[in-house]
Amino acid sequence: MKLNPAQQQAVTYVSGPCLVLAGAGSGKTRVIINKIAYLVQQCGYKARHIAAVTFTNKAAREMKERIAGTLGKGEARGLRISTFHTLGLDIIRREHKVLGLKPGFSLFDDQDTLALLKELTEDELLEDKDQLQQLIKQISDWKNDLVLPERAQRIAQGEKEVLHAELYARYRDHMTAYNALDFDDLIMIPTVLLSSNQAVREKWQDRIRYLLVDEYQDTNTSQYQLVKQLVGERARFTVVGDDDQSIYSWRGAKPQNLVLLGKDYPNLELVKLEENYRSSGRILKAANILIANNPHVYDKTLRANLNYGEPLTVVTANNEEHEAERVVATLVRHKFMNHAKHKDYAILYRGNHQARIFEKALMTNRIPYKISGGTSFFSRSEIKDIMGYLRVLVNPDDDNAFLRICNVPKRGMGPATLEKIGRLANRKQISLFAACFDPEIEQALPPQGAETAMVFTRWLVELGDRAQRGDTLEALKEMIRGINYEDHLYDTSPSPKAAEMRMKNVSELYRWITDMLEGDDLEEAMTLAQVVTRLTLRDMMERNNEDEESDQVQMMTLHASKGLEFPYVFLVGAEEGLLPHQSSLDEGNVEEERRLAYVGITRAQRELFFTLCKERRQYGEQLKCEPSRFLLELPQDDLVWEARQKKPSAEQRQQTGKSNIAMMRAMLNKK
DNA sequence: CGAAAGTGTATTTTT
DNA sequence: TACACTTTCG
């Protein structure tokens, strides 16, 4: 577990700003962990004065676990390891008074935002369907560039932008009324606050004396500024990143921030980690040669520490069904020959829709697989329901949450009733929840409706009070019991089995909540309000050890594979128009696609297979496919193009493919 | 309220 | 084309 000289340098350079260019598989997390330990144990930093920032909760959790194994319990006390958003949330929570926010604000996720904007724009731009998407993007862009509504209205150019700016202002006002924030606010608000308020800035600069940032190439403008404000003149920080693995520019990441940093901090120390400990020599060579086709600000070549290894294989299939069959056949044969496990294999693809066909092929061959990504836990309706209830408990003014849950399970507060409540709320400029409490509700609704609304909201207020007073767990239990949620699930699910599944999800969520309320070694106990916002940030303790133990073929998009590694990788759909994706080609952004291919290639430890089709159905039309230009850019001496006969006779090949599988299976079963 | 017909959409996704 | 999601109708 020794560090190589470059790693050592990255760890021990602490006197000023430091940029670590960390190639794939070069041990960057180890550098971050070691650096934190070094700062605490050698440089006399208190852990509570150090913060490390990541982009995903998963990365943050991993880092926390690894640091817990490195530092003593006392030594690690107060160490901040979190995502950008959680750090922002922390700052907002502690400064909510200065910001004029009530505690217990709601956090809107994308769907909440969409719902609110849809409502706000009903009159203005209903004609265009993607207008709304444009508006959402525009607002998000403004926030990420730290542009407040007032300034947006001043700088807006053209009719559309002026309208967008006005809607942005209206959106902000509504969010204030709901006492709600969105994800972008979690970065923008602290950044604006820190840059405009000297006292607060100094307080936080004193609190965070050393800052580390992971995956720096993924930062956007507001995140860049947040870092800048936090580190101040002293500029004691380390950022770690790899411009070759920047694959998120389409959602606002600015890899140029790596360059900007050198300009903002002329004394920036640059350390390159170029020793790769993950992949075979051939795989690395291929990756290096491929990425050399991209322009680079900082040159970097990964050096292999492992054997040269097997050649890379290119498998050509007739169509996408055939591709899946060949992958499965190759996988089964390979697994048998190498005594490997299912989980040693990954199938990586450009788009989620590609997964389906592989899923089918794996299923018919009874091969266990796991698809990462797709519909997340938190977009499940049962989870959204329960979260809705919790949000209303914490913040009754959260109309979105109220709308979601007020008639789930059905309690006679349907559209007609809501419409009337909504009118009252609108007239008095209060939230829906508050309207149910208003004396005028009795005139607004028929007696029965008014009764239901009042009983329901009073019950919630009472529960909310109880939760706040500290009897949180009991209040929660009573809530789930009180709404008869289990019955509701059995009533609304297509099968009892599905209902059971959903109830299991609810229990899982309940367990997370209880855990978070109580706290543990790594996390302090939280209030219900904190739990709700953290859950909206998807920041829960994922204790799914099952996943690691289970032996399944891994399937995911290339994007989702970043940061992971697998002994054997299938990079499928290596075709023009798919791996350099057509839409990227249209936008003239081949480079990002090349980086995506680079990320895919560098996931492989021992062997790498590419597959492509000669023909592929797209939008119901049979299209001819050309091999990806990236395949042609690779060193051909290290590639084996397998089975490229002119007349393959699809049926025959399918036959042999299948009988191969059957044969292997028979042999495996005997053993 | 639930089934049936209609509609929209096919790039990547976190927080 | 194929599928998910929405709306409509009985």
Side-chain angles (χ1 to χ4, degrees), chain A residues 53-60 82-90 92 107-113 118 128-130 132-133 136-137 140 143-144 181-188 214-215 218-220 222-223 226 245-253 319-321 348-357 359-360 372-379 381 407 409-410 412 414-415 491-494 533-540 556-563 573 575 577-587 589 592-593 595-597 599-600 616-623:
Chain A
V53 184
T54 64
F55 275 85
T56 64
N57 293 303
K58 201 172 141 214
S82 66
T83 62
F84 263 106
H85 293 267
T86 308
L87 175 64
L89 178 65
D90 255 21
I92 292 174
L107 192 53
F108 273 24
D109 66 17
D110 292 349
Q111 290 184 41
D112 295 315
T113 300
K118 210 178 204 164
D128 256 303
K129 41 199 152 55
D130 71 1
L132 190 57
Q133 281 307 320
I136 289 173
K137 181 154 186 345
S140 180
K143 290 192 175 191
N144 286 330
L181 301 175
D182 64 25
F183 286 139
D184 295 325
D185 288 332
L186 295 184
I187 312 293
M188 180 185 77
D214 193 14
E215 303 283 10
D218 290 340
T219 49
N220 62 31
S222 62
Q223 287 159 339
L226 180 57
Q245 291 188 69
S246 156
I247 52 175
Y248 285 112
S249 67
W250 52 273
R251 67 174 203 220
N319 54 50
E320 61 265 53
E321 275 97 15
L348 308 181
Y349 36 82
R350 176 68 235 257
N352 278 313
H353 63 279
Q354 287 171 267
R356 193 176 299 140
I357 199 134
E359 197 180 359
K360 212 168 102 192
S372 320
T375 356
S376 85
F377 187 75
F378 284 88
S379 43
S381 65
N407 208 27
K410 301 247 170 348
D491 288 346
T492 55
S493 300
T533 44
R534 292 292 278 267
L535 280 173
T536 312
L537 286 171
R538 323 266 146 103
D539 185 8
M540 63 310 208
M556 66 194 77
T557 62
L558 286 162
H559 284 90
S561 75
K562 196 172 78 159
E575 296 144 35
L578 222 146
L579 187 37
H581 196 274
Q582 191 55 49
S583 32
S584 292
L585 293 176
D586 295 342
E587 288 164 30
N589 193 7
E592 180 141 318
E593 297 288 311
R595 290 194 290 268
L596 200 50
V599 165
R616 189 181 286 275
R617 234 196 338 268
Q618 224 163 12
Y619 312 133
E621 224 174 349
Q622 226 30 257
L623 286 176

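Just so it is clear: chains get the letters A, B, ... in the order the sequence lines come, proteins before strands, and each one is counted from 1.
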Taking side-chain hydrogen bond (donor to acceptor under 3.5 Å, both in side chains) as the test, write out the residues that go with [X], two or more places apart.
X	answer
A/Thr56	none
A/Gln245	A/Asp242, A/Arg603
A/Ser246	none
A/Asp185	A/Lys143

Exercise for review: Would you please determine if the base of B/dT14 is stacked by A/Phe183, with stacking meaning a centroid separation under 5.5 angstrom and planes under 30 degrees?
Suggested key: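 No; by the centre-distance and plane-angle rule, A/Phe183 does not count as stacking on B/dT14.
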Practice item. Report yes or no: is the ring centroid of A/His559 under 5.5 Å from the six-membered base ring centroid of B/dT12, with the two planes under 30 degrees? Key: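 A/His559 ring does not meet the centre or angle cut-off for B/dT12; no stack.
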Below 3.5 Å between N/O atoms, which protein atoms pair up with nucleotides 8-10 of chain C? Just atom names and distances, please.
none

Exercise for review: Could you pull out the closest heavy-atom pair between A/Leu348 and A/Ser561, with the gap in Å?
Suggested key: CD2-CB, 3.8 Å
Check your understanding: For the side chain of A/Arg350 and the base of B/dT12, is some donor closer than 3.5 Å to an acceptor across the two?
Key ->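 Between B/dT12 and A/Arg350, which were checked side chain against base, a qualifying N/O pair under 3.5 Å is present.
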Can you tell me which nucleotide in [options] comes closest to the side chain of [X]?
X	options	answer
A/Arg356	B/dT11, C/dA2, B/dT12	C/dA2
A/Lys410	B/dT11, B/dC1, B/dT13	B/dC1
A/Ser583	B/dT15, B/dT11, B/dT13	B/dT11
A/Thr557	B/dT11, B/dT12, B/dT15	B/dT12

Atom pair distance, as rounded to whole Å: [atom1] in [X] and [atom2] in [N]:
X	N	atom1	atom2	answer
A/Gln582	B/dA10	CD	P	15 Å
A/Leu578	B/dA10	CG	C1'	12 Å
A/Tyr248	B/dT12	OH	P	11 Å
A/Ile136	B/dT15	CD1	P	19 Å
A/Glu359	C/dA2	CD	P	17 Å
A/Leu89	B/dT14	CG	P	19 Å

Practice item. Could you give me the CA-CA distance, side-chain angles and deciding distance for A/Glu321 and A/Arg617, then say whether salt bridge (charged side-chain N to carboxylate O under 4.0 Å, His left out) is met? Key: CA-CA 10 Å; A/Glu321 275 97 15; A/Arg617 234 196 338 268; 3.5 Å; yes
Review point. What interatomic distance, in whole Å, is found between P of B/dT13 and the corresponding atom of C/dA2?
Key: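 Each nucleotide's P atom is 24 Å from the other's.
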Point to revise | Whole-angstrom distance between C/dC5 and B/dT12, as gauged at atom P | key: 14 Å
Check your understanding: Would you say B/dA10 has OP1 or OP2 under 4.0 Å from some side-chain N or O of A/Asn352?
Key -> no
Exercise for review: Only counting residues at least two apart or in another chain, list the ones meeting ring pair (Phe, Tyr, Trp, His ring centres under 6.0 Å) with A/Phe183.
Suggested key: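 Partners of A/Phe183 under the ring pair (Phe, Tyr, Trp, His ring centres under 6.0 Å) test: none.
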